[in-house]
Amino acid sequence: MQQEPVVRIEGVSKKISSKTLIHNLTLHIPAGQVFGFLGPNGAGKTTTIRMMVGLMSITEGDIFVGGHSVKNEFEQAIAQVGAIVENPEMYKFMSGYQNLLHYARMMPNISKERIHEVVELVGLQKRIHDKVRTYSLGMRQRLGVAQALLHRPKLLVLDEPTNGLDPQGIRELRDYLRHLSRIEGITVFVSSHLLSEMELMCDTVAVIQNGKLVDVRQLKGQGEESLAVPIAFDVDDLAQAARIVPGGKVEDNVFIVQTVREEIAEINARLVQAGVKVFGINKVTRSLEDQFLEMTGSESIE
Amino acid sequence: MLSILALLSIGVPILLSLENNATKQSVWDSFMMSTSFVFFLNTIFAVVIAAESVAGEFSWGTIKLLLIRPWSRSKILASKYIATLLFSILSTVLLAALSFFTSLLIYSTDTIPSMVPPGIGAGKYVFLSLVCSYVDLFITVAIAFMLSTVFRSGGLSIGLSLFIMFTKGIFTMIFNPEKYTWANYLLFNHMDLSRYLVTNQGPGGATIGFSISILAVYYLILMAVTWVVFKKRDVAA
Ligand SMILES: Nc1ncnc2c1ncn2[C@@H]1O[C@H](COP(=O)(O)OP(=O)(O)O)[C@@H](O)[C@H]1O
Ligand SMILES: [Mg+2]
């Protein structure tokens, strides 16, 4: 039996005056994944996230978190969510620890131990008693994540968390998001306009453009072995190869066959037996970037 | 803030005693002067807190983290409002208590107070004056709280509320209820209830019941606007 998705976005639209920012968006976020939300600037990522966490009203449709409607059962729905929407803003005149204590008091049953636990998880032990105004952006980002995790949410929502982080910071963020999803079983919903990042950290990516869902794609996981993927053979005689292996095509000086993993060795053997020299065999991975540009490239931002 | 109020409440009776022949003056006169003076600051502080409580969260950006706690917006706003009121009650009690005890130490309890009208107990009169001042503060704070929620700017709501606080006397002169009947329904003409301590006739021949009703209606409108705006607002950027 398939598990109930953590979040169900059902036919959601957002209109501000006469402008429609989100068009009839339907999206289900499965439990336990790092789920990416990808789109160029102005696509409507932040708007969608704001509706998910109740900062903006939903014009049409509804969003359910753990089965609770954000519109009608806000308190139950939001209790399962930890989030940072855009920049991680905290009370600058208080220390990181005081900020966490402040938020902890607003939620039921959060012990001092839990606060220490999340501080350790995001690696802020050394600076947690310093004033937030002395923090770098990366540290504020960590404090934001700590704040979001205090109440052990089922879902962690991060809006463009890598914005402004250096490569080292991005790498660390990626690592502990993976950790959260693998070890703690938290579902992570993360938005970004950077494709390369999404490829590295997400299991699934939903692509949004101009307020419309363009595509949902699995990046990792099941079915990879049995799926026919394009394989490129670098050979000396392309024409000969095409004759030996029907169904292949020649492209950019390589011979490409759509095939499953098991067949690759066999095709290679046939080529070699027929006297074709094989210099290399590669999986043709169209990067998400290519796919993304393919999907969104033709349309301009409205 | 509380310490400034405390210092003034102690300081004003002492400073006044340097001017006059303290032991001959009444405790109640000193208390009246001290509280009415320090109450201005009390109101200003309460207004600042009311104005910053909501607008501050918006300007710091922390409103986003606040609103995603497992509480409805009404409850969050109510807790802000109650916290503001608790501060104003605490500060009022503090200034009254300190003014009273400082005056008691310096001044005479036997002299007949000159600021208390005849026919009413001095203690009762100063207590009721203080209550009237608090009603004034209470309404001013409600205005500040509403402006803070509607405009999300602490500075603007502090400025406007204090403007109203200091100019309501002038408003009463311009829109005189003796001249215009509709001016009877203006909030400004009813915020100062203390005149009913000495007379039954309010501005434009109003009764105390009428003034209180006007205040209640305005208060409910202020609160309703505050709540509706806060609940409906889309929080962006
Ligand atoms: N409060 C608002 N009023 C009107 N338009 C808005 C508002 N907020 C965002 N928009 C518009 O909605 C679109 C989506 O914005 P946003 O969700 O912030 O995009 P993203 O986060 O994907 O970059 C943009 O075209 C933006 O100009
Ligand atoms: Mg955005």
Side-chain angles (χ1 to χ4, degrees), chain A residues 14-17 21 46-47 49-59 65 68 70 72-94 99-100 102-110 132-133 140 143-144 146-148 150-151 153 155-157 159, chain B residues 1-4 45 48-87 90 148-155 157-158 224-237:
Chain A
K14 176 69 188 174
K15 296 194 180 81
I16 293 184
S17 54
L21 306 185
T46 302
T47 306
I49 288 174
R50 285 200 186 113
M51 288 192 286
M52 265 170 84
V53 299
L55 291 176
M56 271 188 168
S57 61
I58 300 168
T59 313
V65 183
H68 294 286
V70 170
N72 304 316
E73 310 164 282
F74 176 71
E75 293 177 37
Q76 289 96 314
I78 200 71
Q80 308 172 57
V81 184
I84 311 178
V85 182
E86 292 186 308
N87 306 318
E89 280 125 344
M90 298 276 180
Y91 302 98
K92 291 204 173 71
F93 49 87
M94 303 202 297
N99 270 283
L100 291 180
H102 177 67
Y103 290 114
R105 286 187 185 126
M106 291 186 236
M107 296 178 295
N109 307 324
I110 294 173
V132 171
R133 79 165 93 256
R140 265 184 274 155
L143 186 60
Q147 161 278 131
L150 274 176
H151 56 303
L155 173 73
L156 177 65
V157 179
D159 189 13
Chain B
M1 282 184 171
L2 283 177
S3 51
I4 296 177
F45 284 171
V48 168
I49 286 180
E52 281 301 331
S53 69
V54 176
E57 302 278 357
F58 276 98
S59 56
W60 296 325
T62 46
I63 186 76
K64 291 182 289 188
L65 289 183
L66 187 59
L67 292 184
I68 60 171
R69 293 312 113 184
W71 299 96
S72 69
R73 290 199 183 183
S74 297
K75 287 177 190 161
I76 290 172
L77 190 63
S79 73
K80 289 260 175 208
Y81 185 60
I82 291 169
T84 307
L85 286 188
L86 284 179
F87 173 85
L90 176 67
S148 167
T149 308
V150 172
F151 296 114
R152 287 167 292 164
S153 154
S157 64
I158 292 171
V225 170
T226 311
W227 250 259
V228 168
V229 168
F230 191 73
K231 272 185 79 99
K232 293 271 177 276
R233 162 152 282 142
D234 274 350
V235 178

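Both backbone and side-chain heavy atoms feed into the values below; hydrogens, waters and symmetry mates do not. In this text, all values refer to a predicted model and were calculated from it rather than measured experimentally. Letters go in sequence order (proteins before strands), and every chain restarts at 1.
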Engineer: Do Lys80(B) and Thr149(B) make a side-chain contact, defined as non-hydrogen atoms from C-beta onward lying under 4.5 Å apart?
Structural biologist: no
Engineer: Counting heavy-atom pairs closer than 4.5 Å to chain A, which one of Arg69(B), Glu57(B), Lys232(B), Arg233(B) comes out on top?
Structural biologist: Arg69(B)
Engineer: Can you check whether Ile49(B)'s main-chain N or O pairs, donor with acceptor, with Thr84(B)'s side chain at less than 3.5 Å?
Structural biologist: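 No, the answer is negative, given that no donor and acceptor are paired below the 3.5 Å cut-off.
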Engineer: What part of Lys75(B) gets closer than 4.5 Å to chain A, counting heavy atoms only: side chain, backbone, both or neither?
Structural biologist: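 Interface part for Lys75(B): side chain.
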Engineer: Search all heavy atoms of His151(A) against all heavy atoms of Val81(A) and return the closest pair with its distance.
Structural biologist: NE2-O, 2.8 Å
Engineer: What part of Arg73(B) is in contact with chain A, defined as an atom under 4.5 angstrom from a non-hydrogen atom: side chain, backbone, both or neither?
Structural biologist: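 It is the side chain, since no backbone atom gets that close.
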Engineer: Among Met51(A), His102(A), Met56(A), which residue forms the greatest number of heavy-atom pairs with chain B at distances under 4.5 Å?
Structural biologist: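 Between Met51(A), His102(A), Met56(A), the count favours Met56(A).
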Engineer: Which of the residues Val53(A), Ile78(A), Thr46(A) is involved in the greatest number of heavy-atom pairs with chain B at under 4.5 angstrom?
Structural biologist: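 Answer, by heavy-atom pair count under 4.5 Å with chain B: Ile78(A).
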Engineer: Heavy-atom distances under 4.5 Å only: say whether Asn99(A) touches chain B with side chain, backbone, both or neither.
Structural biologist: neither
Engineer: Side chain, backbone, both or neither: which part of Tyr91(A) has a heavy atom under 4.5 Å from chain B?
Structural biologist: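 When you check distances to chain B, atoms from both the backbone and side chain of Tyr91(A) fall under 4.5 Å.
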Engineer: Can Asp234(B) and Lys14(A) be counted as an ion pair, charged N to O under 4.0 angstrom?
Structural biologist: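 So Asp234(B) pairs with Lys14(A) through a salt bridge.
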Engineer: For residues Val85(A) and Asp159(A), report the shortest heavy-atom separation together with the two atoms involved.
Structural biologist: CA-CB, 4.2 Å
Engineer: If you define the side chain from C-beta out and look only at heavy atoms, does anything of Trp60(B) sit under 4.5 Å from Lys92(A)?
Structural biologist: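 No, side chains not in contact.
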